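The structure appears below as C-alpha cells.
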Amino acid sequence: MNTKKIYPTYFALGAVIIYFMLCFLPGVLGLFYSLTDWNAYSNQMNYVGFKNYIDVFKGSSQYRTFIWNTLVFTVVTTILKTTAGLGMALVLTNDRTWVRNFHRLVIFSPQVMSYLVVGLVFKSLLHPSAGFVNNFFKDIGMNFMTKSWLTDLNLAFGTVMTVDTWKGAGYIMVIIIAALQAISPTYYEAASIDGASYLDKFKYITLPLLKPILVSATVLNVTYGLRVFDMVYALTNGGPGNATGVINTAVYKEFSKGNYAMGTTLSSLLFAVVLALIYFIIKAMESKEVEI
Amino acid sequence: MKKLLALTATLVMTTTMFAGCTGTKSSQTNQETKSIAEGEKGKSSSKEGITLTFGSHQSGLPTTGVVQSLAKEFEAETGIKVDFQISPDSQWRDLIKVKLNAGEAPDIFCVDADPLSLNGRILPELNCVPVTKEEFVSRMDKDVLPSISYNNEVYGITFPGKKMWFYVYNKDIFKELNLEIPKTYEQFKAVCQKIKDSGVTPIYEPTQNGWHQVLPLFESGPMYAKNHPGLYEKMNNNEMNLDDIPELLTIVKQLKEFSDLGFYGENFLSDTFENAKAAFANREVAMVLVEAGWAFEVIAEHPEMKLEQMGIFTMPWADNQMVGVNPASNAYFINKNSKNAEAALEFFRFLARPENLQKRFEGQPGLLELCWPEVPSRFPGEFKAYIDTLEKGTVMQAAVSYVDSQWMDVGKDLEDMYVGAVTPEQLVKIISDRRDEQAQLHNDPAWKK
C-alpha cells in the first residue's frame with residue numbers, strides 16, 4: 001500500500017458511481033431480463049428461468065448460425081486487419097517508401113467514413129450486373145471473376161469481411177506506425193552490426209517490441225468483431241436469407257419483433273463471451289517485459 | 001517551415017471553430033427572436049416553424065412524389081413543413097418498431113396496416129393518436145376501417161383501394177412467340193421456357209426489397225381456402241397451420257423450380273422492385289407480378305409503352321385460377337408522443353379534402369382506385385373484363401393471424417431457399433413454427449388450449 005499517495009480513495013467515488021449506474025447496472029439488469037418473458041405485448045413479466053438460453057441452442061435454431069457467424073467474423077477480421085495493418089505499417093515506416101504520409105492518409109481515410117455510407121457504396125460497387133467491380137473484370141477480359149459478391153451463399157460473408165477489413169485496417173496501421181516509430185533505431189543498428197537480416201530484425205526486435213500494441217489491437221478488433229452490426233446490416237441485411245446474420249442483427253430483429261427477453265438473452269450471451277475472450281486474450285498475450 | 005505551417009493551420013482552424021460557434025449562436029438568437037415575434041402575431045402563425053417528420057418505406061409513398069407535392073401546398077397554406085424520411089422496404093418494418101419502442105418515432109409514420117397485424121406492428125393504443133371523431137373517417141370506405149382500427153378506435157388514414165396482384169405481361173413478346181396466357185403451372189412453365197429460349201428473362205422477381213417474393217405464398221390464400229373449407233378460421237383457432245396446406249408447399253417447390261430453371265434471371269437476388277419498370281419497358285423481362293395499375297406507371301415513365309402492349313393474368317401457381325383481394329394497404333398514423341400531433345392531424349385533414357384526394361389520385365397513375373368512394377375508380381375496360389371473370393377471395397395475410405407479421409422474415413426464408421440453404425419442406429416448417437412462436441409471444445388464447 002502506498003501511504004504517500006497524493007489523492008484519497010474517495011476521490012474515485014464519483015467515477016465509480018457513474019460507472020456502476022451507467023455500465024454495470026444495465027448489464028446486470030439485462031441478465032435479469034433475459035430470465036423473464038419480457039415482451040412488448042404484455043404488461044406482465046414472468047420468470048422463466050433459462051428457457052430463453054435453452055431456446056438459443058436447442059433444435060434447428062438459427063441463433064447458433066448467428067453465433068457461429070459472429071465468431072468467424074471476429075477471428076477472420078482480427079487476423080486480416082492485424083496482418084494488413086502490420087504489413088502496411090512496415091512499408092510506410094520504411095525510409096525508401098515514396099510520399100509515405102500521403103499513403104498513410106489514403107489508407108486511413110476509410111476509417112472516418114460512416115459504416116452505412118461504406119455499406120451503401122460497396123453494395124453499389126458489388127452489384128452483379130451494374131456494379132463497378134464486375135464490369136471492371138468484364139472490361140479486362142476476366143469474365144470468370146464476375147460473381148454475385150453479396151448474394152452468393154459461398155461469397156457473401158467473405159465479401160462482408162473483406163469490406164470490413166478494408167475499412168478497419170488503416171486504423172490498426174496507424175496504431176502500429178506509432179509503436180514502430182517509438183522503437184529506438186539503435187536496436188536495429190546493433191543488430192545490423194551483428195549481421196542480422198531484415199527478417200531477423202523483424203522477428204527479434206520489431207515483433208517483441210510491438211507485442212503490447214498488438215495485444216491492444218487484437219482486443220480492439222475482437223470487441224468490435226463480436227459487436228459487429230452496421231457493416232452487415234448495410235451490406236447484406238443478414239442475407240442472402242440469413243446467411244450473413246450475426247448476433248447483433250438477431251438482437252435488433254428480436255427487439256423489433258417485441259421479443260425483448262430474447263434480445264437481452266442474446267446480448268447477455270455476447271456480453272459473457274466478450275468478457276471471457278478479452279480476459280483470455282490478455283492473459284495469453286501477457287508476458288514479462290521484453291528483454292533484448 | 002513545418003512549424004510555421006502547423007501554427008497557421010491551428011490558428012485558422014481555431015478561428016473557424018469560433019466563427020462557427022458564433023454563427024450558431026447568432027442564428028439561434030435570430031430563431032428565438034423570430035419565434036417570439038411570431039408568437040405575438042397570433043395562434044395561427046405560431047404553427048410556422050413547425051416541421052413534421054414523416055417516416056415511410058419506399059413503397060409507402062407514391063414514386064411520383066405526389067404526396068410530397070401536396071405537402072408543399074400544405075406548407076404554403078399553413079407554414080408547417082413536412083420532412084419526409086424514406087427507408088428501404090426491407091428495413092422499415094423493423095426500424096419503425098425499434099423507433100416506436102425507443103420513443104424515437106417520427107411525428108407521422110406510414111406502415112402496412114391490416115386488422116390482424118396492426119396491434120403487433122405498432123401497438124396503436126400506446127403509440128398512435130386516435131382519429132375516430134375526425135370528419136374524414138366517415139368518408140373512407142367502411143371495408144378499410146378495420147385495417148386502421150383497434151378496439152373500436154380508428155387510428156390512421158389510408159388512401160389506396162383494395163389490392164389485387166397479377167402478372168402483367170408484354171403482349172408483343174407473347175405474340176411474337178405465339179404464346180397464350182397460362183392457366184396451369186405446367187403451361188406457365190412452358191411459357192417461361194419459350195421466353196427464356198428467346199433470350200428474354202421470363203419473370204422479374206426482385207428479392208432485394210424483401211417482400212415481393214412472398215406474394216405467391218399468401219395471395220393464393222383464396223385457392224387454399226376453397227380447397228380446405230373453413231381454413232382461415234381453423235388457422236386462427238390453432239386447429240391448422242401453414243404446414244397443413246399441401247398447396248402452399250407445392251407453390252414453394254414451384255418457386256424453387258422456377259429459380260433453378262433460371263426463369264427469374266441470373267441476378268434476381270440483387271434486383272429491386274423499383275427497377276422493374278425499366279426492365280419491362282426495355283423488353284429485358286416479359287412478366288412482372290404487380291398490381292394491375294402498375295401498367296400506367298410504366299407508361300408514365302416510358303411513354304413509348306402503350307396500354308395495348310400490356311395484359312394481365314392471375315398467378316397460376318399450383319394451378320390457381322382465383323385472385324386474392326386485400327382490402328388492407330399502407331396507412332399513415334400520428335405518433336402519440338409527438339409534440340406536433342395537432343399539426344399532423346391538420347395535415348391529415350388537408351390530405352383528406354376532396355380536391356386533394358383527386359389530386360393524389362391523378363398524381364399516382366399506378367393507382368386504379370382509392371378507398372374513398374367519392375373518387376370514382378378507373379380500371380381499363382380490358383383489365384376490368386378479365387378481373388370480372390375471376391373468382392375472388394380474401395388473401396391469407398388479411399384473414400389469418402401471424403402471417404403478415406412475418407412477411408419480411410418469409411422473404412428472407414425464400415432467399416435462403418433460393419440459395420440452397422433450406423429446402424422447401426424446411427421453409428414451410430420454419431414459417432409454421434414462427435407462427436406458433438409469434439402467437440405464444442402475443443399470449444394468444446387459441447394457442448393455450
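It should be emphasised that the depicted structure is a prediction, and the values quoted were computed from it without experimental measurement. Below, read A as the first sequence line, B as the second, and so on, with proteins coming before strands; counting in each chain starts at 1.
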Check the pair A:Arg100, A:Asp95 against salt bridge (Lys or Arg N to Asp or Glu O under 4.0 Å), reporting the backbone distance first and the verdict last. CA-CA 9 Å; A:Arg100 282 179 298 174; A:Asp95 292 337; 3.6 Å; yes
Okay, A:Lys257 and chain B: the region with an atom under 4.5 Å from a heavy atom over there is both
Looking only at the side chains, is there a donor atom on one of A:Thr97 and A:Asn94 sitting less than 3.5 Å from an acceptor on the other?
no
In terms of heavy-atom contacts, A:Asn69 and A:Ala243 come closest through ND2-O, 2.9 Å
*Polar contact flag, side-chain donor to acceptor under 3.5 angstrom, A:Ser34-A:Asn52*: no
Scored by heavy-atom pairs under 4.5 Å with chain A, the best of B:Val419, B:Asp94, B:Leu126 is B:Asp94
Okay, A:Tyr260 and chain B: the region with an atom under 4.5 Å from a heavy atom over there is side chain
Pair count under 4.5 Å, heavy atoms only, with chain A: among B:Lys429, B:Gln91, B:Glu266, highest is B:Gln91
Under 4.5 Å to a heavy atom of chain B? For A:Asn242 that would be both
Under a 4.5 Å heavy-atom criterion, the part of residues 434-446 of chain B in contact with chain A comprises B:Glu437, B:Gln438, B:Leu441, B:His442, B:Asn443
- Item | Donor + acceptor pair across side chains of B:Glu274, B:Asn209 (<3.5 Å) | yes
Filtered by a 4.5 Å non-hydrogen cutoff, the part of residues 400-418 of chain B contacting chain A is B:Asp409, B:Lys412, B:Asp413, B:Glu415, B:Asp416
Applying a strict 4.5 Å limit to non-hydrogen atoms, the region of B:Leu95 in contact with chain A is both
Only residue of B:Phe268, B:Phe258, B:Tyr204 satisfying ring pair (Phe, Tyr, Trp, His ring centres under 6.0 Å) with B:Phe263 is B:Phe258
Inset, instruction - Ignoring hydrogens and angles, tell me if any N or O in the side chain of A:Thr236 forms a donor-acceptor pair with the backbone of A:Gly238 under 3.5 Å. - result: yes
Point to revise | Distance flag, aromatic centroids of B:Trp211 and B:Phe273, threshold under 6.0 Å | key: yes
If one checks every heavy atom of A:Ser129 against chain B at 4.5 Å, the contacting part turns out to be both
